[in-house]
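What follows is a single structure, written as structure tokens, with notes after it.
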Amino acid sequence: MQVAQVIVDVPTRQTNSPFSYAIPDNLADQIQPGMRVQVPFGNRKITGFVVGISDKSSFEGKLKPISDLIDLYPVINPELLDLAAWMADQTYSFKISCLQTMLPGGMRTKNKKKLIATSQQICDQYPAIFHGQRVVDYDRQNFDNQSLSTILKLQKNGDISVEYDLTNHSKPIMLKAYQGNLDDQQIADALKTVRKNAVGQIKLLNLLKSHSKDAFLVSKWESMGVTSSTLKGAEKKGWVTATLKRHVRNPFLRPVKPSQPFKLHPDQQKAVESVNHAISSKKDQVFLLEGVTGSGKTEVYLQSIAHALEMGRTALMLVPEITLTPQIVGRIRSRFGNQVAMLHSAMSNGERYDEWQRINRGKAKVVVGVRSAVFAPLKNIGLIIMDEEHDSSYKQADNPRYQTRDVAKWRAAYNHCPVVLGSATPSLESRARAMKGVYTLLSLPHRINRHALPHVSIVDMKTEMAKHQSALSTQLADAIQDRLDKHEQIILLLNRRGYSAFLMCRDCGYVPRCPNCDISLTMHKDTHTLNCHYCGHKEPIPTMCPKCHSKRIRFYGMGSQQLEEQVKNMFPTARVLRMDVDTTRKKGSHEAIIDKFGAHKADILLGTQMIAKGLDFPEVTLVGVLNADSALQFPDFRSSERTFELLTQVSGRSGRADKTGEVIIQTFNPDHYAIRLAQTQDYEKFYATEMRVRHEGKYPPYYYTVKLTGNSPSENQTASEMFGIMNFLKKNLSPKAIILGPTPKTITRINNRYYYQIIIKYRKEPTLKATLDDVLVQSQKNQRQGIQIAIDNEPLDFM
DNA sequence: AGCACGCCGACT
DNA sequence: GTCGGCGTGCTC
């Protein structure tokens, strides 16, 4: 008899190893590892992943048979099955969560349950449950306790059955299209009847003359100046007919012109040769490609990808979250055409599913994507590229907390192919490894276009603020006016981390705080509310101080909305665009803003971090950084690195065109090394300085780190549990391990749960893995008391 | 996760 | 005496 090893979709420690199931005869020749199945588990049916097939099982008891097969082909290939097991171990997470993360969002089954009445009679008998329908969604929250016990009873009697809805695959998108109905004579007649000021209708009728046969999508009509409401009206009048068109998903919105490989300069040539040699000789070598903006890293990537393809292999290129702008994808696609698949977060589930299918079927040979694309089901990978390898979006913030770089290296080892880590400001970890010879350092020290670096100046805001209360220093304001006069473009960057507008009473100092979290509420002028960024709590903006009843309650701090207002006030004629989380929430709005600014339809682009990355506007000759040091205020060992990265990156932005650029950095810490060295773009000196700081503080890359976070509704309970863990760690680790804490987290209370953390710093702890696994097993037992423990291996911050 | 099993308080 | 609370352990 054939036995399948199944990882069931129950994320707990006890179910973290495979369960054996008998393979029924009718599925015997179909079932393969990597397929999903439905299995009986206890007295219910759940989904699971087949991870292996064998002749017998180590399980003593009687095996239950697999009930159903969900997939017709493996959705996780053998390589990714191995990877999932390794990753679960590495990140202290459940195998099932790892398997689930590897699938594109639209394919994840959510175990959605349906209640089905076995007879109409039952259905009519219990209107509170069925509301007259034979099949209802079964959501526990939808039923009160009484209904719940009735359901239980009915289920025992066999009067209702519970089934799982597994149809989560995305449906085709149908879009509305309109087609004209009128002949030329009718159009002429209609034109006589409409009012003269009905511009939209007149336009539509005129268009119908030349497009009598075409069924255009609403978006197409809109691009020709006819609104959807005009079309609806026209439909009523019988001028046009609406039809549904199946939308063929195509994430590449615009066509690209094919491009040819550029001639390489010697440094690039050398880099390409080294990488290509590793590809040809199937060596899983890791390269660190260091090069400032404009030094031609992308061309190195492209020619190496081309080489991998020539060798009959595939290539994976990873880019940071917000960089994946059409500009970059366009360049890849112009070289490799429709062999390129793209995977990123702004795409819909359906689009991602389609692209994933193309990769899985072997239709796409080059994958460009963000973090999760590292799990793309490519076979025979010949090259993995990680652009901007230092970027923090490569580390997943929640379970499984994997670091893309490590996954990439694992896949490279599996596929016998090189990894290229590219950056102008490599993470200290990577650079240190390159210095030790673990990675091969390749550098592109020259800017190709030979333009002078922009002139970078630093403005001390301490003296500036003494003079006037404005977010813009005199120097920056003057420079802005100068560029506006010359019709050149300006980027203003607000380093907003933890820097947003809050309300404060000028008389008693009262600041409204979130009732559920230990944090002050943030002003949102668009919705006229005070919001909590952690739990989503909202309340109206008070006009009077609730404490002292003073009316002088005003907002402080600088959010991008406030900055926008201020800039508009100072430069009333300037066209200002704002780009931040609020203005880019809608799909495609990110692109729309970039396009608009790129077409010089605005003079000033103002926004947070996201405008610092990957954008390239030739007309921009001034970049202003409003608060360079707000990241420096954070109690975090990486804050200098972050600040340096950000400032170096924006400085590279300006001055690429024939006009020399200027960068103005406003700061309260003008003498901080991260700011000074960013001014001169001196990565080497920064690396040396920062390494010394890290060495002294026993931080990465000198030490490995693990962060343990615990939370529960009671502060006492959280603290005592964490103290228990700390003692357990002390007992099981060597005296050389540094255990910090437990300490309350910077924001101790979120959503009425109290958070404490322990940091472990170590160099060599052979027992660490086992000890932490023990901690998790113990904590699973305590979870019923409401304590949750999370382990973050190599956290990005200690906050 | 979800459910059964099992051991202690307030009720027909 | 029983019904039902939720603490504990198991699910191939």
Side-chain angles (χ1 to χ4, degrees), chain A residues 1-25 27-28 31 33 35-70 85 88 93-101 108-116 137-166 168 398-400 712-714 717 721 774 776-790:
Chain A
M1 189 194 49
Q2 292 267 287
V3 177
Q5 259 57 253
V6 177
I7 296 286
V8 292
D9 193 359
V10 179
T12 62
R13 280 280 130 187
Q14 300 98 59
T15 53
N16 199 29
S17 39
F19 281 61
S20 303
Y21 284 90
I23 301 177
D25 291 342
L27 296 177
I31 242 165
M35 288 180 173
R36 288 170 300 173
V37 286
Q38 204 177 128
V39 291
F41 192 72
N43 48 8
R44 62 214 168 104
K45 270 183 189 159
I46 55 170
T47 61
F49 287 77
V50 176
V51 293
I53 290 171
S54 52
D55 294 337
K56 53 180 193 300
S57 140
S58 52
F59 182 67
E60 308 277 302
K62 195 176 174 330
L63 297 187
K64 291 182 179 177
I66 287 173
S67 346
D68 217 341
L69 193 54
I70 297 173
S93 49
F94 305 120
K95 294 192 176 81
I96 189 66
S97 331
C98 296
L99 289 164
Q100 220 82 75
T101 5
R108 284 170 212 164
T109 54
K110 275 179 266 156
N111 279 342
K112 221 177 171 209
K113 292 204 287 187
K114 289 192 179 304
L115 282 185
I116 300 160
D137 280 346
Y138 178 66
D139 234 330
R140 283 191 96 82
Q141 286 91 348
N142 289 350
F143 301 104
D144 55 28
N145 278 348
Q146 208 199 328
S147 304
L148 224 52
S149 62
T150 319
I151 290 171
L152 233 58
K153 226 178 281 166
L154 289 170
Q155 207 190 342
K156 269 186 190 156
N157 293 344
D159 290 332
I160 56 172
S161 66
V162 180
E163 278 184 20
Y164 292 82
D165 183 11
L166 300 174
N168 259 318
D398 40 59
N399 265 317
S712 86
S714 142
Q717 199 185 11
E721 179 73 13
D774 270 4
L776 282 181
V777 172
Q778 292 304 120
S779 79
Q780 179 90 26
K781 286 183 185 146
N782 296 332
Q783 210 164 34
R784 290 232 165 69
Q785 278 117 57
I787 296 171
Q788 292 166 0
I789 302 289

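Each chain gets a letter, A, B and so on, in the order the sequences are listed, and its residues count up from 1.
- In this structure, A:I46 places its CD1 atom 12 Å from C1' of C:dC10, rounding to the nearest Å.
- Protein atom CZ of A:F41 is 12 Å distant from nucleotide atom C1' of C:dG9, rounded to whole Å.
- Side chain of A:Y21 to backbone of A:P40: a donor-acceptor contact under 3.5 angstrom is found.
- For the pair A:R13 CZ and C:dC10 P, the interatomic distance rounds to 18 Å; values are reported in whole Å.
- Residue A:P40 is in sugar-phosphate contact alone, with no base atom involved, counting any heavy-atom pair closer than 4.0 Å across all strands shown.
- Among the atoms of the strands shown, only primed sugar atoms or phosphate atoms (P, OP1, OP2) are found under 4.0 Å from some heavy atom of A:Y21.
- Listed by residue number, A:F59, A:K62, A:L63, A:K64 are the residues of residues 56-66 of chain A with a heavy-atom contact under 4.0 Å to DNA chain C.
- Computed from coordinates, the A:K95 NZ to C:dC12 P distance equals 18 Å when rounded to whole Å.
- Contact check for A:I46 versus A:V39: side-chain heavy atoms found under the 4.5 Å cut-off.
- Contact annotation: the side chain of A:I7 approaches that of A:P18 to within less than 4.5 Å [non-hydrogen atoms, C-beta and beyond].
- Rounded to whole angstrom, the span from the CG atom of A:N16 across to the C1' atom of C:dC10 amounts to 16 Å.
- With sequence neighbours excluded, no residue forms a side-chain hydrogen bond (donor to acceptor under 3.5 Å, both in side chains) with A:D398.
- For the pair A:N399 CG and B:dA1 P, the interatomic distance rounds to 12 Å; values are reported in whole Å.
- Here the side chain of A:Q14 is nearest to one of C:dC10, C:dC12, B:dA4, namely C:dC10.
- The separation between A:I23 atom CD1 and C:dC12 atom P is 16 Å, rounded to whole Å.
- Two residues are said to be in side-chain contact when any heavy atoms from C-beta on lie closer than 4.5 Å; A:M1 and A:L63 meet this criterion.
- With contacts defined as side-chain heavy-atom distances shorter than 4.5 Å, the pair A:I53/A:Q5 does not qualify.
- Applying the side chain to side chain contact (heavy atoms under 4.5 Å, CB included) test to A:T15 and every residue at least two apart in sequence or in another chain returns A:V8, A:V10, A:T12, A:F19, A:F41.
- The CG atom of A:N43 sits 12 Å away from the C1' atom of B:dA1 (whole-angstrom rounding).
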